[in-house]
Number of protein chains: 2
Amino acid sequence: MTTEIKTTETTKTTESTEERILDAARKVFARKGRDGARMQEIADEAGINRALLHYYFRAKQGLFEAVFARMFEQFVRSYDTVLVPGQPFHGTLRRFIHHYIDYVSEHQDMARLIVSENLRGDSMPGELMSRAASKEGSPPRRMENAIRAAIESGEIRDVDPNQTLLTVISACIHFIVMKPLVQAMNPEAQADFAAFTEARKEHITDLLLHGLQPSEEVS
Amino acid sequence: MTTEIKTTETTKTTESTEERILDAARKVFARKGRDGARMQEIADEAGINRALLHYYFRAKQGLFEAVFARMFEQFVRSYDTVLVPGQPFHGTLRRFIHHYIDYVSEHQDMARLIVSENLRGDSMPGELMSRAASKEGSPPRRMENAIRAAIESGEIRDVDPNQTLLTVISACIHFIVMKPLVQAMNPEAQADFAAFTEARKEHITDLLLHGLQPSEEVS
DNA sequence: GTCTATATCTCGATAGAC
DNA sequence: GTCTATCGAGATATAGAC
């Protein structure tokens, strides 16, 4: 019932209180959702008092928005070095998939928060997210353009770029979101989730490249 | 703000109060999540008084568990007529995908609840779900066996059955869970989600069948 | 079985000492 | 900046009339 987390761990970093709060809030919001999260639990996780949360971020709502915006922007930026135009498609697809899975694996909190916000439908972070993702030049848009170009050049067969991109992203994130169920159904994922994750990158890349291969070629 | 639903009485369905409560609870839990849902809102949706909820289901927790168990069992059962052994693989895969998407489209509430429970990690419904899904004879297990058999018989190439099944399921459910974001990024999904859903069934079936095609054959 | 009224509790937010 | 103490809103749950 009672939470006893205490971050005795962070002895080294002279992390500012504000940073500690944001990190703690990210974890708790991801675990419990926006409503389920308790200010007390965030305070415990950050190793501070509840009143201090309100000193830094006026209200829970503000804290949540700060956490979300920060997280999402970092994710979008992480693709800057990954998607460079003019490369062969198979390498681009491989890099997109590997980076996506690497990122969500290291930031599972973020993945869960994004999904839980989408589950609600309303929500301001949803707005923010939608605008950022649908903007020209965003990672998904660039990947979509890469698919289009590859069809044009005959590197891959003629498929719906939007549907294809959605399938790739689904394959890369859903197994993290559904981790408990995936582990329950899969002894391999249960025993060593990191190994399962590595295998998953290769599986998705392989399945997609085969699935998109022009039917004339039998490489 | 206020909801006014009121079933002004016994028109056609002599639906029992208990049924009405379960239906209302399913909707509200799906919209607001387990924590965000308010007993008052469920009562309004069911057209009854708040106290009556407690008369039928002692507490919110109990109501939630009843809703969840009922929903999940119906889903599992819906596959009884879909997966029959001894059929050619491509038909089995097509039926699995089409049925999955049809079902989650008609029961989006269920899809969202399942995901939101998985996001929490703990939770008794998670337990229930995990046991049901990993049980031999469950739909996912049967589909996995079908994949194994198809590899054995040479109908498809040698892939990891677990990873493949997970990819199929991800592709079939994630776009519903992330509906707001999908719509924001996709004009087609925005304009006519039903049409987008139909197209998605074909896309996934097509992509998977190509992706699993033995490399010797070029059908 | 269904309602009104109310008890109890949890949690976000604030006041104020240090 | 950080703490203790407390207020007040809003939610679950119960008591009891009908």
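Reminder, nothing fancy here: chain letters follow the sequence lines and each chain counts from 1.
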Any donor-acceptor N or O pair under 3.5 Å, side chains A:Asn186, A:Gln190: no
Atom-to-atom span, NZ of B:Lys32 to P of D:dA11 - whole angstrom: 10 Å
Carboxylate-amine/guanidinium contact A:Asp23 A:Arg26, below 4.0 Å: yes
Worked verdict on A:Asp102 versus A:Arg95 for salt bridge (Lys or Arg N to Asp or Glu O under 4.0 Å): CA-CA 10 Å; A:Asp102 282 338; A:Arg95 278 194 303 278; over 6 Å; no
Whole-Å gap separating P (D:dG1) and CG (A:Leu52): 10 Å
Rounded distance in Å - CG (B:Leu53) to P (D:dT14): 13 Å
Rounded distance (Å) that lies between atom C1' of D:dT12 and atom CG of B:Asn49: 13 Å
Separation of C:dG1 P from B:Arg20 CZ (nearest whole Å): 13 Å
A:Arg200/A:Glu188 salt bridge by N-O under 4.0 Å criterion: no
d(CD, A:Glu18; P, D:dG1) in whole Å: 9 Å
Ring center gap for B:Phe96 and B:Tyr79 short of 6.0 angstrom: yes
Spacing of B:Asp44 atom CG relative to D:dA11 atom P, expressed in whole Å: 12 Å
Where protein sits on nucleotides 6-18 of chain C, one letter per nucleotide: B base, S sugar-phosphate only, - none, heavy atoms under 4.0 Å: B----SSBBB---
Flag if over 12 foreign heavy atoms under 6.0 Å of CZ, A:Arg70: yes
Nearest to side-chain heavy atoms of B:Tyr56, which nucleotide of C:dG1, D:dT4, D:dT2: C:dG1
Phosphate OP1/OP2 of C:dT2 contacted by B:Thr17 side-chain N/O (<4.0 Å): yes
